[in-house]
K.L.:
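After the structure tokens below, expect a handful of questions from me.
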Amino acid sequence: MTRQTGARIRCQRNPARARGSSLALRVLTIPSPMDRYDPSVIEPKWQAFWDEHKTFATPPDTGNPKKAYILDMFPYPSGAGLHVGHPEGYTATDIVARARRAQGYDVLHPMGWDAFGLPAEQHAIQTGTHPGETTKKNIATFKRQLKMLGFSYDWDREIDTTDPGYVKWTQWIFLELFDRGLAYQNEVPVNWCPALGTVLANEEIVNGVSERGGHPVIRTPVRQWMLRITAYAEKLLEGLDLTDWPTSTRIMQTEWIGRSEGAEVRFPAVGTDGVIEVYTTRPDTLFGCTFVVLAPEHPLVEKLTTDDRRAEVEAYVAAAKAKSDRDRQASREKTGVFTGGYAENPVNGEKVPVWIADYVLAGYGTGAIMAVPAHDERDFEFATKHGIPIREVVSKTGKPSEAPLTEAMPEPGIAVNSGPYDGLTTAEFKAKIIADLEAKGQGKRRIETKLRDWVFSRQRYWGEPIPIYFPVECEGDPRKGDPYTIDYSKPIPVPREELPLELPELDDFRPGDDPQGVLARAVDWRFFQKDGKWFARETNTMPQWAGSCWYYLRFVDPKNDEAPWSPEAAKRWLPVDLYVGGAEHAVLHLLYARFWHKVLYDAGHVPVPEPFQKLVHQGMILGEVEADGRAHKMSKSRGNVVNPDEIVQRFGADSMRVYEMFMGPLEATKPWNTSSIGGVRRFLERVFQAAQKADANVPLEGELLSAVHRTIRKVTEDIDGLRFNTAISAMMVLTNDLLKAPAVPKEAVEKLALLLHPFAPHLAEEVWEMLGHAPSIQAVPWPSYDPKLCEEDEVEIAVQVLGKVRGRVKVAKSATQDEVLALARENAGVAPHIEGKDLKKVIYVPGKILNLIV
RNA sequence: GCCGGGAUGGCGGAAUUGGCAGACGCAGGCGACUUAAAAUCGCUCGUGGUGACCCCACAUGCGGGUUCGAGUCCCGCUCCCGGCACCA
């Protein structure tokens with residue numbers, strides 16, 4: 001399409017010749033493709049050149065102290081191919097990578113595939129196509145599309161997380177965790193759907209039944225592998241201070257970890273030998289405790305429940321168990337039942353009733369709380385609903401309130417009704433009572449986190465096998481169906497030299513009735529004999545996070561067979577200097593990867609404590625603004641998905657790249673607008689024209705010289721600050737200036753090409769060649785600017801009277817206040833406003849403004 | 001509810017520390033070229049004052065404030081987007 005339009009343009013460029021002449025002459029005047037900007041010709045041309053010359057190969061280590069590791073969050077290669085959101089971040093990093101190379105940095109800019117994952121497995125279940133095959137096909141599509149956009153990746157470092165050569169080291173890292181006691185097994189309640197024969201994620205359950213098919217789901221404990229990320233809570237928290245990350249992301253991680261300081265207090269369970277341990281962040285309110293609440297799953301529920309309450313308690317526990325976590329949290333109503341039992345408050349010996357309620361979570365703290373309704377909103381609500389007394393023990397004034405409280409007062413204050421502690425501030429009280437409790441053995445200081453250990457196993461096929469096996473008791477052959485028992489309490493790591501442990505071939509990827517997962521059916525793979533004894537491999541696989549937890553490490557040395565990476569390569573490249581990816585990974589991926597990194601750091605495998613120095617989240621690209629004046633997320637159902645292939649075909653890759661950067665700030669959410677790409681395309685065409693007009697005999701001087709230097713400064717600074725939209729705007733201004741000039745100095749076009757190169761690399765290469773230079777422009781050093789030339793000698797000063805602009809005067813940059821004032825008095829716009837008035841005050845900001853107060 | 005971000009022409013956005021609001025681009029209008037259309041080029045384009053110069057008023061979500069001067073700082077709201085969700 002582009003070419004046809006172009007052909008028409010060509011004929012009309014020379015209308016005189018084309019019109020009144022013979023056919024023969026017409027043929028002669030059709031210009032060569034070089035005569036006009038045609039991305040469909042020059043883009044493949046330069047892509048082939050880059051491939052052939054390995055222009056973007058990572059340079060060998062020659063001791064260059066300047067290095068830049070510039071990384072994109074690698075994609076999951078879905079069947080749908082690239083969408084326009086992908087190139088946004090990728091173009092941003094590509095611009096920085098190309099600029100840094102030109103600025104003399106050794107650059108590592110790699111790309112790979114996060115290729116394990118559910119969609120390929122689902123596809124396999126539906127069609128029987130092996131997930132590996134689907135993955136291969138999808139990768140090919142993604143790679144073709146990325147190459148089409150001209151990104152400067154070092155493709156020799158491509159990573160595929162499903163590649164056995166990569167899986168080997170993912171498993172190796174798992175064993176590092178295992179060896180350090182950071183990987184362990186536990187019975188964890190999961191959402192098991194017997195009808196589907198699979199474990200479901202919380203998202204897959206709606207109203208207690210499976211989203212697909214509406215089958216019942218039960219909470220049942222299944223053996224899982226866990227990673228002890230909680231052991232790294234403090235380090236993960238502290239490490240955030242070492243990074244240059246968006247505040248919002250740091251806050252999200254901080255809150256996800258959710259560290260709190262408090263106390264564990266022991267409440268003897270009256271009439272039994274049990275003790276209820278409660279966790280509280282407000283030990284200063286102990287005297288206000290009027291009841292204790294246990295989570296329904298708490299082990300002491302059974303003991304404390306009296307016979308007359310038993311039926312009710314058991315019914316409540318059973319109902320809680322049947323609900324999913326999500327459903328339990330969906331209802332805010334404070335339900336609960338009294339167990340009939342009592343606990344003794346250690347500070348005053350008071351006996352308070354023990355209730356169970358599902359607003360107390362079994363998994364947090366001790367699964368038991370001391371309820372202080374006067375100073376906790378949830379306890380207040382519960383007490384009000386169930387008629388439990390409310391006792392005020394903290395007040396703002398230090399005196400008890402006269403009227404009964406109408407709502408909880410959770411803020412700090414001064415203690416009342418607290419015996420010997422009355423009059424202490426909340427902070428003083430906390431410190432003192434913790435010390436007193438510890439002295440009497442009634443409690444101790446305790447730090448809690450919301451962060452839970454990480455459930456690391458999946459009952460799926462398309463993931464890394466967990467490299468562990470277990471002893472088996474079996475008379476006969478377990479592969480032939482003879483009865484067997486697996487001793488899961490004795491996990492044995494697969495020897496490092498036997499890695500990778502590859503997946504078995506399967507024909508049927510459907511989940512079965514065994515909660516141990518799909519691989520449990522691959523009996524020939526699962527069971528093996530060693531020294532005459534039977535063993536069973538772990539049949540769980542790793543989650544998709546595993547591969548993405550360390551891919552940035554593999555990129556530094558991707559072909560190493562002896563180690564996951566060499567210490568030299570790690571030292572040369574780490575940490576990642578710039579990491580760009582979606583905000584949807586603000587917590588999980590970025591927290592998990594940091595956790596692995598810190599374990600590897602402690603083990604001496606990596607030289608720096610944090611993996612990602614600077615992090616930026618690109619904003620979402622929405623669909624076109626619709627009739628309602630709003631833009632919506634791109635989605636198949638809305639039919640507003642923009643296909644990059646189509647855009648590249650219509651406008652070219654350079655136009656696509658520059659448009660995506662020109663839309664607005666990188667971090668902002670922005671609506672797509674196809675017709676705006678036309679404007680960008682016209683800009684690139686004008687650059688091409690400037691190159692055609694470039695004349696080596698025209699010296700670069702005067703105002704144009706200043707303009708070039710100002711543009712170099714602006715673009716250089718904007719690339720550093722990732723402000724690509726304003727950098728492009730500056731280049732547009734320069735291009736317009738050049739074309740308006742009577743003649744175009746070749747030197748100016750050269751500088752423009754160098755600045756434009758990171759943004760529109762194909763065009764820049766072409767222009768560079770048109771100007772008579774040998775490729776590649778990537779090898780040419782980044783242009784420098786002279787700050788003196790960036791300044792204009794003459795500046796226009798706005799003259800205000802009482803803050804309103806009344807005139808403008810042109811003065812030398814160095815003009816003094818008096819000089820400017822003198823000119824201003826004469827100014828036709830200003831004079832009438834100051835005539836006959838007293839000049840009370842003069843404000844002069846050199847080079848900017850003169851404000852006269854009369 | 002809590003946390004984070006945001007609101008500027010018809011649209012996307014610009015304005016580096018408080019200093020000429022609207023750069024750059026899209027869309028629109030007018031004109032040139034053309035039999036015509038497309039493309040290209042030139043001009044125009046915040047709103048209002050019968051308004052293409054000149055002039056005036058209004059204008060950066062709303063209401064106050066600080067300041068010679070506020071899109072920018074402070075106080076109080078409204079709406080939109082993203083995240084979290086009983087964590088004791």
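Here is how names work: the chains are called A, B, and so on, in the same order as the sequence lines, proteins then strands, and each is numbered from 1.
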K.L.:
Are any of the side-chain nitrogens in E381(A) or K385(A) under 4.0 Å away from the carboxylate oxygens of its partner?
P.N.:
no

K.L.:
When both hydrogen-bonding distances must be under 3.5 Å and the geometry is Watson-Crick or G-U wobble, what is G51(B) paired with, if anything?
P.N.:
none

K.L.:
If the sugar-phosphate is the primed atoms plus P, OP1 and OP2 and the base is the rest, what is the B/S/- string for nucleotides 19-26 of chain B, using protein heavy atoms under 4.0 Å?
P.N.:
BB--BBSS

K.L.:
Name all residues meeting the side-chain contact (heavy atoms from CB on, under 4.5 Å) criterion together with A691(A); count only those two or more places apart in sequence or in a different chain, and write none if there are none.
P.N.:
V749(A), V767(A), M770(A)

K.L.:
In whole angstrom, give me the gap between the C1' atoms of U34(B) and G28(B).
P.N.:
23 Å

K.L.:
Any donor-acceptor pair under 3.5 Å linking the side chain of N640(A) with the backbone of S635(A)?
P.N.:
yes

K.L.:
Does G19(B) have a Watson-Crick or wobble partner in any strand here, with both distances under 3.5 angstrom, and which is it?
P.N.:
C68(B)

K.L.:
Take the protein atom CD1 of I251(A) and the nucleotide atom P of C84(B), then report the distance between them rounded to whole Å.
P.N.:
15 Å

K.L.:
Could you tell me whether T449(A) contacts a base, only the sugar-phosphate backbone, or nothing, with contacts defined as non-hydrogen atoms closer than 4.0 Å?
P.N.:
nothing

K.L.:
Can you check G31(B) for me, syn or anti if syn means within 90° of 0?
P.N.:
anti

K.L.:
Regarding P246(A), tell me which of base, sugar-phosphate or nothing describes its non-hydrogen contacts under 4.0 Å with the strands shown.
P.N.:
nothing

K.L.:
Please work out which of the three classes, parallel, tilted or perpendicular, describes the rings of Y364(A) and Y279(A), given edges at 30° and 60°.
P.N.:
perpendicular

K.L.:
R710(A) versus Y785(A): any side-chain heavy-atom pair under 4.5 Å?
P.N.:
no

K.L.:
If the P atom of G69(B) is compared with that of C20(B), how far apart are they to the nearest Å?
P.N.:
15 Å

K.L.:
Measuring only the C1' atom in each nucleotide, how far is C3(B) from C56(B)? A whole number of Å is fine.
P.N.:
47 Å

K.L.:
Send over the distance from K450(A) NZ to G83(B) C1', rounded to a whole Å.
P.N.:
12 Å

K.L.:
For E261(A) and R446(A): C-alpha separation, side-chain torsions, deciding distance, then whether salt bridge (charged side-chain N to carboxylate O under 4.0 Å, His left out) applies.
P.N.:
CA-CA 6 Å; E261(A) 287 182 17; R446(A) 174 162 167 166; over 6 Å; no

K.L.:
May I ask which nucleotide in the shown strands pairs with C79(B), Watson-Crick or G-U wobble, both distances under 3.5 Å?
P.N.:
G6(B)

K.L.:
Using a heavy-atom cut-off of under 4.0 Å over every strand shown, decide if I369(A) touches base, sugar-phosphate, or nothing.
P.N.:
base

K.L.:
Got more than 12 heavy atoms from elsewhere within 6.0 Å of CZ, R686(A)?
P.N.:
yes

K.L.:
Using the C1' atom on both, measure G9(B) against U47(B) and round to a whole Å.
P.N.:
9 Å

K.L.:
Determine, for E88(A) against K670(A), whether the closest basic-nitrogen to carboxylate-oxygen distance falls under 4.0 angstrom.
P.N.:
yes

K.L.:
Who does G28(B) pair with, Watson-Crick or G-U, both distances under 3.5 Å?
P.N.:
U44(B)

K.L.:
How many whole angstroms separate atom CD of E88(A) from atom C1' of G12(B)?
P.N.:
13 Å

K.L.:
How long is the line joining CG of L739(A) and P of U40(B), in whole Å?
P.N.:
14 Å

K.L.:
Report the base-pairing partner of C84(B) (Watson-Crick or G-U wobble, both distances below 3.5 angstrom), or none.
P.N.:
G1(B)

K.L.:
Could you pick out which residue, E255(A) or P665(A), lies toward the 5' side of RNA chain B when each is mapped onto its nearest nucleotide?
P.N.:
E255(A)

K.L.:
Measuring only the C1' atom in each nucleotide, how far is G18(B) from U72(B)? A whole number of Å is fine.
P.N.:
6 Å

K.L.:
Any idea how F382(A) and Y359(A) line up, ring-wise: parallel (<30°), tilted (30 to 60°), or perpendicular (>60°)?
P.N.:
tilted

K.L.:
Please work out which residues in residues 356-365 of chain A have a non-hydrogen atom less than 4.0 Å from an atom of RNA chain B and list them by number.
P.N.:
Y359(A), V360(A), L361(A), Y364(A)

K.L.:
Grab the CZ-P distance between F688(A) and U40(B) for me, whole Å please.
P.N.:
16 Å

K.L.:
Look through every strand shown and name the nucleotide pairing with A37(B) as Watson-Crick or G-U wobble, where both distances are under 3.5 Å.
P.N.:
none

K.L.:
Got a sec: does the CD of E377(A) have more than 12 other heavy atoms crowding it under 6.0 Å?
P.N.:
no

K.L.:
Enter syn or anti for the glycosidic conformation of U50(B), syn applying to angles within 90° of 0.
P.N.:
syn

K.L.:
Name the residue closer to the 5' end of RNA chain B, choosing between T669(A) and I853(A) according to the nucleotide with the nearest heavy atom.
P.N.:
T669(A)

K.L.:
From CD of E377(A) over to C1' of C2(B), roughly how many Å is that when rounded to an integer?
P.N.:
11 Å

K.L.:
To the nearest angstrom, how far is Q253(A) atom CD from C3(B) atom P?
P.N.:
20 Å

K.L.:
Measure from the side-chain N and O atoms of E277(A) to the backbone N and O of V265(A), and report whether any donor-acceptor pair falls under 3.5 Å.
P.N.:
no

K.L.:
Could you work out the separation of C11(B) and G48(B) based on their P atoms and round it to a whole Å?
P.N.:
15 Å

K.L.:
Would you check if there is a donor-acceptor pair between the side chains of T254(A) and W256(A) at a distance under 3.5 Å?
P.N.:
no

K.L.:
Quote, to the nearest angstrom, the P distance that separates G13(B) from U8(B).
P.N.:
8 Å

K.L.:
Which one, A14(B), A88(B), G4(B), comes nearest to the side chain of T281(A)?
P.N.:
A88(B)

K.L.:
Say you pick atom C1' in G6(B) and the same atom in C77(B); how far apart are they, in whole Å?
P.N.:
16 Å

K.L.:
Expressed in angstrom and rounded to an integer, what is the separation of L588(A) atom CG from C84(B) atom C1'?
P.N.:
12 Å

K.L.:
Look at the side-chain N and O atoms of S260(A) and state whether any lies under 4.0 Å from the OP1 or OP2 oxygen of A88(B).
P.N.:
yes

